[in-house]
Amino acid sequence: MESDAESILQKKHMSALKRVKEANEYAKRLLAQHPDAADAYIAPGIANYIIGSQSAGTRFTLWFGGIHGDKKLGMEQLAKTAENGLYLKPFAKIVLALAARREKQDALAQELLCELTEQYPDNELFASEYAKASGMPLQVAPAR
């Protein structure tokens, strides 16, 4: 999240990349000791997807700095957190749904957005995004 803030809000891209590397190292260390810690896959998942989505020239430049990315691997890592995460499961579903929309994987995006809409019926944004992904509004039972 610090990386996102530095990159998006403060326009400090190199500092943000340093934070990405730090987050990935923490995730690797945690997963080495606790491979079942599904929440730890979110940091490398986001990093892999974002870096893998960059232009070939940018990826080549980052490669020299030891920063690698792979969109497919990133989505697989996000899916691990979205399926089995304890604390970051909803956040992983949001990020994965956005990535799925971007990659034209509408069925996956619809599934995730439907789950989020059912889990958080007061959040109109999930239903709105579902409607965009499916071309039709989602009918949700009123919250009790």
Side-chain angles (χ1 to χ4, degrees), residues 1-28 30-31 35-144:
M1 289 182 189
E2 289 175 359
S3 171
D4 291 343
E6 287 182 347
S7 179
I8 297 168
L9 302 175
Q10 300 171 4
K11 306 296 183 202
K12 296 180 180 178
H13 302 293
M14 293 311 290
S15 180
L17 289 173
K18 180 181 173 190
R19 297 273 191 193
V20 166
K21 283 181 73 171
E22 288 174 11
N24 284 339
E25 288 304 316
Y26 286 127
K28 283 181 189 177
L30 175 59
L31 289 167
D36 60 334
D39 287 315
Y41 286 102
I42 199 161
I46 291 171
N48 269 313
Y49 182 78
I50 290 173
I51 294 165
S53 297
Q54 301 299 310
S55 69
T58 300
R59 287 194 321 269
F60 183 73
T61 302
L62 293 173
W63 183 80
F64 279 108
I67 300 171
H68 312 287
D70 178 333
K71 284 195 298 188
K72 184 177 181 223
L73 176 60
M75 289 183 74
E76 290 170 4
Q77 291 168 322
L78 286 168
K80 287 181 183 182
T81 302
E83 292 167 10
N84 303 310
L86 182 60
Y87 302 107
L88 299 173
K89 186 176 194 168
F91 181 59
K93 284 184 179 183
I94 293 167
V95 175
L96 185 56
L98 294 173
R101 294 267 337 265
R102 190 170 189 266
E103 298 301 318
K104 307 289 190 249
Q105 296 178 14
D106 292 329
L108 176 59
Q110 290 169 16
E111 176 186 338
L112 294 165
L113 291 164
C114 182
E115 290 172 11
L116 287 163
T117 301
E118 290 171 354
Q119 188 173 0
Y120 303 100
D122 293 335
N123 188 325
E124 296 173 8
L125 186 58
F126 296 138
S128 171
E129 288 299 315
Y130 176 85
K132 290 177 191 173
S134 66
M136 58 196 314
L138 175 65
Q139 300 298 322
V140 179
R144 296 179 196 243

At their closest point, which heavy atom of [X] faces which heavy atom of [Y], and how far apart are they?
X	Y	answer
Lys89	Asp39	N-OD1, 4.0 Å
Leu30	Ala40	CD2-CB, 3.6 Å
Ala109	Ala97	CB-O, 3.8 Å
Ala133	Leu113	CB-CD1, 4.3 Å
Gly74	Asn48	CA-CB, 3.6 Å

With rounding to the nearest 0.5 Å, note down the distance linking [atom1] in [X] to [atom2] in [Y].
X	Y	atom1	atom2	answer
Leu98	Lys93	CG	NZ	14.0 Å
Glu115	Phe126	CD	CZ	11.5 Å
Ile51	Asn24	CD1	CG	7.0 Å

Original post:
Quick one: does Gln77's side chain have a donor or acceptor within less than 3.5 Å of a partner on Tyr41's backbone?
Top reply: no
Original post:
Does the Ser134 side chain pair with the main chain of Tyr130, one donor and one acceptor, at a distance under 3.5 Å?
Top reply: yes
Original post:
Would you say Arg102 and Ser53 make side-chain contact, with heavy atoms under 4.5 Å?
Top reply: yes
**OP:** Give the intermediate values and the outcome of side chain to side chain contact (heavy atoms under 4.5 Å, CB included) for residues Glu103 and Tyr49.
**Re:** CA-CA 11 Å; Glu103 298 301 318; Tyr49 182 78; 2.7 Å; yes
Would you give me the side-chain donor-acceptor pairs under 3.5 Å for residues 81-88, sequence neighbours excluded?
residue : atom : partner : partner atom : Å
Thr81   : OG1  : Ala38   : O            : 2.6
Thr81   : OG1  : Ile42   : N            : 3.3

**OP:** Check Glu118, Gln110, Glu111 against Cys114 for a side chain to side chain contact (heavy atoms under 4.5 Å, CB included) and give me the one that passes.
**Re:** Glu118
Original post:
Do Leu116 and Asn123 pass the side chain to side chain contact (heavy atoms under 4.5 Å, CB included) test, and can you show the C-alpha distance, the side-chain angles, and the key distance before you say yes or no?
Top reply: CA-CA 9 Å; Leu116 287 163; Asn123 188 325; over 6 Å; no
**OP:** Dump the intermediate steps for side chain to side chain contact (heavy atoms under 4.5 Å, CB included) on Tyr26 and Leu31, then the final yes or no.
**Re:** CA-CA 9 Å; Tyr26 286 127; Leu31 289 167; over 6 Å; no
Subject >> Presence of salt bridge, Glu76 and Lys72, under 4.0 angstrom >> reply: yes
